[in-house]
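Reviewing the structure listed below.
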Amino acid sequence: MNDWQRKSPLDWETYMNKMVKVAAIEKQEYEGWVLTVDPVSASIVLATFLENEKVSISIVLGHAVQEVEILKEGDDEVKQRLSCIFAPEESKAYSPEELEKRKNNLKTWLETNHIPVTEQGELGRTLCVAGVLTIDPPYGPEECSSSNEIILCRVQGLIQGYLEKQE
């Protein structure tokens with residue numbers, strides 16, 4: 001086990017959102033922004049920004065890492081770009097007011113259609129349908145969760161139809 005693999009997740013976290021140069025076995029060198037470090041294998045996921053808003057992702061396996069040198073700190077713009085790399089394209093940021101409005105509109109619509117719904121969680125952000133299904137922000141079919149696949153499929157279909165009528 002090498003020195004890199006012996007580090008703790010808290011040590012690896014200090015490399016997040018930073019430009020690094022990784023020296024690996026067989027004199028290989030990799031450069032990029034640290035997106036994450038796998039806590040089990042100690043593998044480093046590096047992102048390199050190319051032209052045309054494209055991103056190249058490289059993974060350096062933990063056992064191959066010999067040295068990691070920090071070259072540059074990431075600013076807020078870099079952190080934002082890194083955080084969006086794996087976000088689905090259709091997801092968009094909603095303001096807290098928009099989320100509250102979406103939640104209330106969906107809750108009202110469900111209640112109008114005689115579907116029992118309550119609010120859950122510390123801030124009441126999660127909707128709970130009939131005690132067996134939850135809907136998290138931003139309250140679309142993808143955010144539904146239930147162990148009952150039949151109920152999950154039906155409620156997702158209802159929400160999809162509701163959202164299509166709203167557009």
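Starting from 1, each residue takes its place in the sequence as its number. None of the values given here were measured: they were computed from a predicted structure.
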Does any part of the side chain of [Y], heavy atoms only, come nearer than 4.5 Å to the side chain of [X], both counted from C-beta?
X	Y	result
K103	R125	no
L71	E69	yes
I159	L106	yes
V22	I44	yes
N105	K101	yes
S58	V45	no
L133	L152	yes
I25	Q66	yes

State yes or no: do [X] and [Y] share one hydrophobic cluster built from I, L, V, M, F, W and Y residues joined by side-chain heavy-atom distances below 4.5 Å, directly or via other members?
X	Y	result
I57	V37	no
L61	V68	no
V78	V20	no
M16	I85	no
W12	L46	yes

Where the side chain of [X] meets the backbone of [Y], is there a donor-acceptor pair that is under 3.5 Å apart?
X	Y	value
N113	I115	no
S146	V132	yes
R6	M1	yes
E143	G140	yes
K7	D3	no
Q5	N2	yes
S56	T48	no

Heavy-atom pair of closest approach, residues [X] and [Y]:
X	Y	result
N148	I151	OD1-N, 3.1 Å
V60	A24	CG1-CB, 4.4 Å
S43	S41	OG-OG, 2.8 Å
Y139	T126	OH-N, 4.5 Å
W109	L158	CH2-O, 3.5 Å
L35	L82	CD1-O, 3.5 Å

message: Can you confirm if the aromatic rings of Y15 and W4 lie within a centre distance of less than 6.0 Å?
response: yes
query: Which pairs count as salt bridge (Lys or Arg N to Asp or Glu O under 4.0 Å) when at least one residue sits in residues 34-56, sequence neighbours excluded?
result: none
message: Which residues pass the side chain to side chain contact (heavy atoms under 4.5 Å, CB included) test with S145, not counting sequence neighbours?
response: T134
- request: Could I get the full list of side chain to side chain contact (heavy atoms under 4.5 Å, CB included) partners for A23, not counting sequence neighbours?
  value: E67
task: May I ask you to check whether over 12 heavy atoms, not counting those of E149, lie within 6.0 Å of atom CD?
output: no
- prompt: Around L50, counting heavy atoms of other residues, nucleotides and ligands shown, do more than 12 lie under 6.0 Å from its CG?
  reply: yes
- prompt: Quick one: do the Q156 and Q160 side chains pair a donor with an acceptor below 3.5 Å?
  reply: no
field: Check against side-chain contact (heavy atoms from CB on, under 4.5 Å), Q80 and N17
entry: CA-CA 10 Å; Q80 177 64 34; N17 301 317; over 6 Å; no
Atom [atom1] in [X], atom [atom2] in [Y]: separation rounded to 0.5 Å?
X	Y	atom1	atom2	answer
E31	E29	CD	CD	7.5 Å
L127	Q120	CG	CD	9.0 Å
W33	K79	CH2	NZ	10.0 Å
D136	L99	CG	CG	11.0 Å
K72	K21	NZ	NZ	13.5 Å

